[in-house]
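Computation of the quantities below employed the complete heavy-atom set of this structure, encompassing side-chain atoms and omitting hydrogens, waters and symmetry-equivalent molecules.
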Amino acid sequence: MRRRLAAVLVLATGPALACDADFGRAIAAEGVTLAWRARPEPPPLAEPFAIEFAICGGRPDRITVDAVMPAHNHGMNYAPRLQETAAGRYRAEGLVLHMPGQWRMVFDLMLGGRALRLSSDFEVE
Amino acid sequence: MRRWLVLALALWSLAATAQPLDPGTIAKLLRHGPWPQAAIADPSNRVSGRPEAVAFGRALFVDARLSADGRVACVTCHKPEHGFGDGLKLGRGLAEATRNTQGLFDVRLNRWFGWDGGNDTLWGQSIRPILLPAEMGLTVAQAAAILRREPDLACGYRRAFARSPESVADEALLVDLGKALAAFQETLGGGRSPFDDFRDALAAGDRIAAARYPAAAARGAALFVGRAQCAVCHLGPAFTNREFHDIGVPFFTAGDQVDPGRHQGLRRLAENRYGLLGPYNDDPARATGLLSRQVAARHRNWGEFRVPSLRNVALTAPYMHNGSVASLRDAVRHYSELDESRLHADGDRLLRALHLSEAEIDDLVAFLDSLTGAEARAVKLAPPEPCR
Ligand SMILES: [Cu+2]
């Protein structure tokens with residue numbers, strides 16, 4: 001009985017946990033929270049890496065991930081491969097940030113016909 | 001007493017010439033090392049690192065039998081005394097090539113090969129000149145026939161690949177030639193340079209050792225990672241981000257043709273049978289193929305070329321993909337006087353004419369010169385021992 005209760009509790013709080021406890025960077029807008037981390041962390045300069053992220057408060061029909069360098073007006077030379085690894089959890093592979101400076105990770109979500117862009121800025125050196 | 005005076009004078013002159021670098025600059029300079037980098041075998045090439053394949057590849061590299069007129073070998077264009085370039089504006093084999101010959105020191109570290117990155121493996125890049133009409137000009141069948149016919153080549157092949165060339169199809173034989181050539185080229189380390197000694201002295205906090213580095217080169221190094229922003233592209237231990245940019249070098253070639261650079265490289269990559277995603281990758285898991293799958297074409301790729309490494313760059317004049325820049329001084333001037341209107345409209349918003357003073361140009365050239373070491377200057381190719 002105790003064990004079953006614990007399981008129910010974990011289920012209830014699971015998504016919320018996924019969006020803050022073990023992910024370093026969280027972005028929230030319009031009731032949706034997206035938390036992401038780089039693999040390895042911090043994102044390396046000019047070397048391939050992956051990101052893992054979790055989305056809470058909505059289940060998108062479509063997601064695209066890109067990284068851009070606003071000051072230089074360019075993005076990456078690679079389009080990362082995206083996989084859903086568990087419900088609401090994703091992994092994108094094949095990112096390369098090929099210059100030092102400020103980068104912006106951009107997540108475009110389609111949530112039942114509504115487009116939502118979430119982005120987060122970080123430094124690479 | 002006299003001796004003390006001499007010592008004091010020596011220390012004073014040291015302090016006068018070697019301006020102390022600020023901690024931010026030192027931190028940036030440290031990122032251009034350590035050097036050399038560890039050698040790792042290429043999983044896409046089963047003979048990478050195998051001594052028999054290195055020996056066979058070395059023999060092939062200097063062998064003119066692998067050309068249509070029997071006179072052109074890899075070494076015709078990739079000469080040891082020019083950092084394995086040729087000192088010419090454009091490569092010259094059976095005819096004139098459309099691009100400048102690239103040097104081959106530390107080529108194993110590349111992610112993309114050629115000025116346009118049309119190859120993603122060293123072995124694939126090594127097959128290309130054998131088949132190009134302007135370079136060595138053979139067909140696949142001709143290359144395979146030469147290998148089977150010449151006893152010393154067949155012998156080298158058997159040792160490197162542990163099978164007889166008679167049992168292997170033409171294209172697979174050609175690919176194996178590329179893999180042996182790659183195994184050899186992986187051993188072309190460019191060695192250490194005066195800059196590496198300086199960088200390691202800074203890392204160790206050894207000011208006496210750091211002061212042996214010429215003061216002009218030290219000022220040039222600070223400019224390189226500082227105001228001149230060269231290290232935004234020429235970054236890390238190999239002085240390249242291994243990607244592609246347009247720095248405003250004209251891309252017109254002889255007879256009003258244009259060289260589309262990376263744009264064409266990506267097309268060639270997609271059709272390339274001799275790459276990580278093709279049938280000849282020896283790694284069933286294709287562990288190194290991720291970026292070849294995920295690479296994406298962009299508008300700005302037109303007129304972009306690969307950022308070259310700057311190690312041993314003093315040996316490989318003239319410069320740029322079309323050999324249009326004669327000297328390191330002219331290369332620095334190019335950045336100083338950059339024609340911003342020449343840069344692609346949707347290209348990098350990063351490059352600006354630097355308007356360097358003559359003294360700053362001298363310093364940057366002194367720094368670039370210090371990236372070439374004694375080992376690279378002295379390198380020679382031992383004559384191959386024919387296999388019997
Ligand atoms: Cu940039």
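Looking at heavy atoms from C-beta onward, B:R111 lies in side-chain contact with A:P48 at the 4.5 angstrom threshold. Using a 4.5 Å heavy-atom cutoff, the side chains of B:N241 and A:E47 are not in contact.
Counting all heavy atoms, side chain and backbone alike, B:Q294 lies closest to A:P80 at NE2-C, 3.6 Å. Taking both residues in full, the closest heavy atoms of B:R298 and A:Y78 are given as NH2-O, 3.5 Å, listed atom of the first, atom of the second, then distance. Between A:M99 and B:C233 the shortest heavy-atom distance is CE-SG, 3.9 Å.
Only the side chain of B:L290 comes within contact range of chain A, with heavy atoms under 4.5 Å apart.
Atoms CG and CG, from A:L95 and B:L291 in turn, are 9.5 Å apart once rounded to the nearest 0.5 Å.
Residue-environment remark: CZ (B:R268) exceeds the threshold of 12 foreign heavy atoms within 6.0 Å. Crowding of A:R117 atom CZ: a count of heavy atoms from other residues, nucleotides or ligands under 6.0 Å not exceeding 12. Counting non-hydrogen atoms of neighbouring residues, nucleotides and ligands closer than 6.0 angstrom, the CD1 atom of B:I40 reaches no more than 12 such neighbours.
Aromatic ring centres of B:H245 and A:H98 lie closer together than 6.0 Å.
Using a cut-off of 4.0 Å between Lys/Arg side-chain N and Asp/Glu carboxylate O, B:R293 and A:E93 are scored as not salt-bridged. In this structure, A:E125 does not pair ionically with B:K28, as no charged nitrogen and carboxylate oxygen lie closer than 4.0 Å.
For the set B:L266, B:V232, B:T240, B:V307, the entry with the most heavy-atom pairs within less than 4.5 Å of chain A is B:V232.
A donor atom on one side chain and an acceptor atom on the other are found under 3.5 Å apart for B:R300 and A:N77.
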